[in-house]
Amino acid sequence: MKNLVIVESPAKAKTIGGFLGENFLVKSCYGHVRDLSKTNLGVDIERNFHPIYEVQADKKAVISELKKISGKVDMVWLATDEDREGEAISWHLAESLGLSDNRYRRIAFHEITRKAIENAISNPRSIDMDLVNAQQARRVLDRIVGFELSPVLWKKVKPSLSAGRVQSVAVRLIVEREKEIQQFKTLAAFKVAAIFDVIHMGATHRIKAELPGKFDTKQEAKAFLSLCNGALFTVQKSEVKPAKKSPAPPFTTSTLQQEASRKLGFSVARTMAVAQRLYESGKITYMRTDSVNLSDTAMQLAKEEINRLYGPKYSKPRQFATKTKGAQEAHEAIRPVYLNSHEASDDPSEQKLYELIWKRTIASQMADASIERTQVTIGISSHSEKFVAVGEVLLFDGFLKVYLESSDEDEEATGEILPPMKVGQELHMQEITATERFSKHPARYTEASLVKKLEELGIGRPSTYAPIINTIQKRDYVLKDNRPGEKREYDYLVLKNKKITETKKSENIGQEKNKLFPTDIGIVVTTFLLEHFSPIMDYHFTASVEKEFDEIATGKKVWNKVLHEFYEPFHTQIVQTLTHTEKFSGERLLGTDPQTGKNMYARLGKFGPMVQTGDAEDSEKPRFASLKKDQSLDTITLEQALDLFKLPRKVGLILEKEVVASTGRFGPYLRFEEKFYSIPRTEDPLTITLERAKEIIAEKQEKDKNKIIKEFESNPQIKILMGRWGAYLWADGENYKLPKTQKPEDFSLKDCLNIIKGGTSTKKSRTTKVKTSRKKG
DNA sequence: CAGTGAGCGAGCTTCCGCTTGACTT
């Protein structure tokens, strides 16, 4: 072997290995190989922000293998991605493999074709140190922000919290959207629509027309309907306008995540996992990309496929320009490797995602759709307002034959075909309706719409969108959740047969599925960071530092100087906040307790969100109660807070012993004679009666009686019990699985001892995380 | 997964961006 080629991805290594001859060995380094030391800050600020690098623990084996091979070859070709991070990886490789300048060459290609690779090999260059320095600046800045800001949170808000250039802004977006929704004032107005009969060639066509404006009140809407009663309706204008629709560009990571979410209901993480499998099996190109570019080969293949399937009329090859802020375009757009292949996998998820990618790619190379829009204006003899009917005729479907991008907003109903109407023609009115419509608050973010917003702001990279979503949920700043929605009544007026009837209708509103909600911790942390570190929290912070990084990359600025300029004010603010601010808990005064006259607060406590009566300075100690799962610090009322203190509550006496109702980690419960009895979640411990309590206790006691299947006189520490999922072995507080080989009652004490000796207790293997911060409501 | 309903306190937590791999009854 004379040559070693190093790329980032193993799947890429495999493909390229096939293109190059026997003199080339292609290996992968699996992304970054060195990173800042994790033990400390990893940056020596005194020495001009000198980074302290270490080979990452999981890359030691990779590096030692590459080192061994590189010692034996004539030339090492560093073929990492051609972007800022890729350039840095090449530099780290050269450094950690100890390659002298004449032992390696830097090459790069943007598409994986034989031609592109041969071209790269014949045009080698040296490592671009300006670009590497831009990456070092990015890396060091992120480390400083994260590792100086997080400890401030530990001291001033709560231990173990985190903050960073990307995650803190992502959380801010969700927090502020929730605030907008809370402050949103719903406005009602009446929308008027009419149905007319049009007679054309002896047949009656029903058309729908709308009044462009709205009425603020029911009275006005009603008055309008009265005016229409008996009026004449005449066509005043009929306009025909041609229009065209163009296809969307091929997929990038972000647009793939959005469409897979809307069309297939995939989470961002699932989209990436499925795409990874398609990539590894050679069905699609690389899935982490910000480019909409297609290779010449791909465009040629698409053209042939479109010609074959739909005919040349449908083909329109085109290249799209990337508009994304900060795009680095190291790869192609996400597309099928073979555009003439329609099947990619037996796995339904993979196949569905593949079809989506296939359609999007093919559609992007197809002709525009042409449409004819008709707008008919209908005058009212008794009023100056006019009805408008809109019709749409698809003259040529073009790319719509294959694919239409969906949108986050509700789709406007597209017009239907209108029968021909002449100016002056009188129309017969069937009915006119006035429907009360309400303004809608801004939509909560979904995973995918958050990714879209982050991309617009230039925050995060294709490889990090899915991890960001994961991080902010793991840190308990954000919760992906559903809300049931509620009924709302609205007024509906109809003018028909010269009569106006008024009815109430109801609709379901506010239902949410898989939406992102901020948690109390998320809100408190965001408020704190905004107050003390507004420059980092600025939505344009990333974009403005990116501009600096670009200037480093083009040699106009020196990287450590850029860092110095950032660090000076930032660090001053860190010190300032640590020394001069109190602990922050997002405290909110709810009012006073009517019984004691003491202040009541809602705030974030050591164990999560809670309410408090009385102040710490009072002679009597304050009382505390945790919030329920569906309550939040921002919205809890004095009444709800008072309810929280009503538990535990004395329900009454059974046989002169007290029964107490309360809510615990696992929901509402009763306590009687030192034992616990769960109350079904549908019932309320605040109102449960003694009668009902007796029932629940009796039921559980009956069940417990039947619980013991077998006991051993010689060893009372071993029992066979009946649990929710069948029989199991209990031994001194630990539980063991019983083999299904015989009936539970047939096990002997010796059998049991053997199971204990050989088996592992289920308690120890438990991996479920127990949340302690909140009671479930 | 097998019933559960606490709360010491020392020591640790944390960033973003590249890339896949692999703890089991």
Side-chain angles (χ1 to χ4, degrees), chain A residues 7-13 28-36 38 40-43 56 58-59 62 80-81 83-89 92 135 138-155 158-168 273 276-277 279-280 286 288 328 330 459-465 467-468 471 475 536 542 606-607 648 660 662-671 674-678 700 704 707 721-730 733-739 759-763 765-768 770 772-773 775-776:
Chain A
V7 295
E8 292 182 40
S9 149
K12 203 172 177 178
S28 141
C29 69
Y30 298 85
H32 274 295
V33 292
R34 287 203 314 184
D35 192 19
L36 297 174
K38 268 187 180 39
N40 269 317
L41 185 63
V43 179
Q56 291 152 235
D58 57 335
K59 297 294 164 55
V62 174
T80 54
D81 297 347
D83 58 14
R84 199 165 66 201
E85 298 297 325
E87 201 68 18
I89 292 173
H92 281 298
Q135 193 275 345
R138 198 280 305 156
R139 181 66 192 94
V140 170
L141 181 131
D142 281 338
R143 171 55 70 85
I144 289 173
V145 170
F147 276 39
E148 289 209 2
L149 216 43
S150 300
V152 176
L153 293 179
W154 306 343
K155 292 197 182 78
K158 207 170 164 279
S160 298
L161 295 172
S162 66
R165 171 177 62 82
V166 171
Q167 60 168 282
S168 296
Q276 176 88 31
R277 293 204 297 270
Y279 166 66
E280 282 172 9
Y286 196 56
R288 292 187 272 263
Q328 310 217 357
I459 299 172
R461 304 276 311 125
S463 67
T464 62
Y465 295 136
I468 291 166
T471 302
R475 295 255 169 275
I536 304 290
T542 291
K606 196 175 169 191
F607 302 117
V660 175
S662 191
T663 301
R665 272 164 60 198
F666 310 104
Y669 67 93
L670 294 165
R671 200 167 60 199
E674 302 301 304
K675 279 193 170 161
F676 295 92
Y677 303 86
S678 285
K700 171 88 188 316
D704 281 352
K707 194 177 148 183
L721 303 175
M722 178 54 84
R724 276 164 74 192
W725 286 274
Y728 66 98
L729 172 61
W730 179 93
E734 305 251 321
N735 300 314
Y736 299 84
K737 205 172 188 170
L738 281 177
T760 44
S761 127
T762 43
K763 205 172 200 170
S765 62
R766 237 164 63 157
T767 50
T768 41
V770 180
T772 55
S773 56
K775 292 180 186 177
K776 285 182 183 167

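Just so we're on the same page: letters track the sequence lines, and every chain starts at 1. Values below: all heavy atoms of this structure, side chains included; hydrogens, waters and symmetry mates excluded.
- Atom C1' of nucleotide dT20(B) and atom CG of Asp58(A) are separated by 9 Å, given to the nearest angstrom.
- Here the side chains of Val166(A) and Thr464(A) are not in contact, with every heavy-atom distance at 4.5 Å or above.
- The CZ-P distance, from Arg288(A) to dT19(B), rounds to 5 Å in whole Å.
- Protein atom NZ of Lys38(A) is 14 Å distant from nucleotide atom C1' of dT13(B), rounded to whole Å.
- In terms of position along DNA chain B, the nucleotide closest to Asp142(A) lies nearer the 5' end than the nucleotide closest to the other residue of the pair Tyr279(A) and Asp142(A).
- Below the 3.5 angstrom threshold, one finds no donor paired with an acceptor across the side chain of Ser162(A) and the base of dT14(B).
- Under the 4.5 Å side-chain criterion, counting only non-hydrogen atoms from C-beta, Ser28(A) is not in contact with Ser9(A).
- Nearest heavy-atom pair across Gly460(A) and Ile468(A) is CA-CD1, 4.2 Å.
- Within 4.0 Å (heavy atoms only), Ala163(A) reaches sugar-phosphate atoms of the nucleic acid but no base atom.
- Atom CD1 of Ile89(A) and atom P of dG17(B) are 13 Å apart (whole Å).
- Counting any heavy atom pair closer than 4.0 Å across all strands shown, Gly460(A) reaches sugar-phosphate atoms only and no base atom.
- dT24(B) and dC1(B) are spaced 15 Å apart, taking the P atom of each and rounding to whole Å.
- Base engagement by Arg139(A) is indicated by at least one non-hydrogen atom pair under 4.0 Å involving a base atom.
- Ser678(A) comes within 4.0 angstrom of a nucleotide base, judged by non-hydrogen atoms across all strands.
- Residue Pro467(A) is out of contact with every strand shown, counting any heavy-atom pair closer than 4.0 Å.
- Set against dC18(B), dT14(B), dT20(B), the side chain of Phe147(A) has dT14(B) as its closest nucleotide.
- Comparing dC18(B), dG17(B), dT20(B) by their nearest atom to the side chain of Val166(A) picks out dG17(B).
- Side-chain N/O atoms of Ser9(A) include one lying less than 4.0 angstrom from OP1 or OP2 on dT20(B).
- Using a 4.0 Å cut-off, some side-chain N or O of Thr464(A) falls inside it from OP1 or OP2 of dG17(B).
- Among the heavy atoms of the strands, none lies under 4.0 Å from Glu148(A).
- An OP1 or OP2 oxygen of dT13(B) is reached within less than 4.0 angstrom by no side-chain nitrogen or oxygen of Ser150(A).
- Nucleotides dG9(B) and dT13(B) are separated by 15 Å at their C1' atoms, to the nearest Å.
- In terms of heavy-atom proximity, Gly86(A) sits nearest to Thr80(A) at O-OG1, 2.7 Å.
- Spacing between atom CD1 of Ile468(A) and atom C1' of dC18(B) amounts to 14 Å, rounded to whole angstrom units.
- For the residue pair Arg288(A) / Tyr286(A), a side-chain donor-acceptor distance below 3.5 Å is found, with atom types taken as modelled.
- When the C1' atom of dC16(B) is taken as reference, atom CZ of Arg84(A) falls 11 Å away, rounded to whole Å.
- Counting to the nearest Å, the P atom of dT13(B) and the CG atom of Leu149(A) are 17 Å from each other.
- Side-chain N/O atoms of Arg34(A) include none lying less than 4.0 angstrom from OP1 or OP2 on dC18(B).
- Side-chain atoms of Glu85(A) lie closest to dC18(B) of the nucleotides dC16(B), dC15(B), dC18(B).
- Of the listed nucleotides (dT20(B), dC18(B), dG5(B)), dT20(B) has the atom at the smallest distance from the side chain of Pro10(A).
- At the heavy-atom level, Arg475(A) lies under 4.0 Å from the strands shown only through sugar-phosphate atoms.
- Looking at heavy atoms from C-beta onward, Lys12(A) lies in side-chain contact with Asp81(A) at the 4.5 angstrom threshold.
- Within 4.0 Å (heavy atoms only), Val145(A) reaches no atom of the nucleic acid at all.
- Atom-to-atom, NE2 of His32(A) to C1' of dG17(B) comes out at 5 Å; the value is rounded to the nearest Å.
- At a threshold of 4.0 angstrom between heavy atoms, the contacts of Arg461(A) are confined to the sugar-phosphate backbone, with no base atom among them.
- Contacts of Tyr677(A) with the nucleic acid, taken as non-hydrogen atoms under 4.0 Å apart, are absent.
- No contact: Gln135(A) has no heavy atom under 4.0 Å from any strand.
- Across all strands, Asp81(A) comes closer than 4.0 Å only to sugar-phosphate atoms, never to a base (heavy-atom distances).
- Heavy atoms of Gly31(A) sit under 4.0 angstrom from at least one base atom.
- In the set dG17(B), dT20(B), dT14(B), the nucleotide with an atom closest to the side chain of Trp154(A) is dT14(B).
- With both ends at atom C1', the span from dA2(B) to dT25(B) equals 14 Å, rounded to whole Å.
- Minimum interatomic distance between Gln328(A) and Arg461(A) (heavy atoms only, all atoms of both residues): CG-NH2, 3.6 Å.
- Salt bridge Asp35(A)/Lys59(A): absent, no basic N to carboxylate O contact under 4.0 Å.
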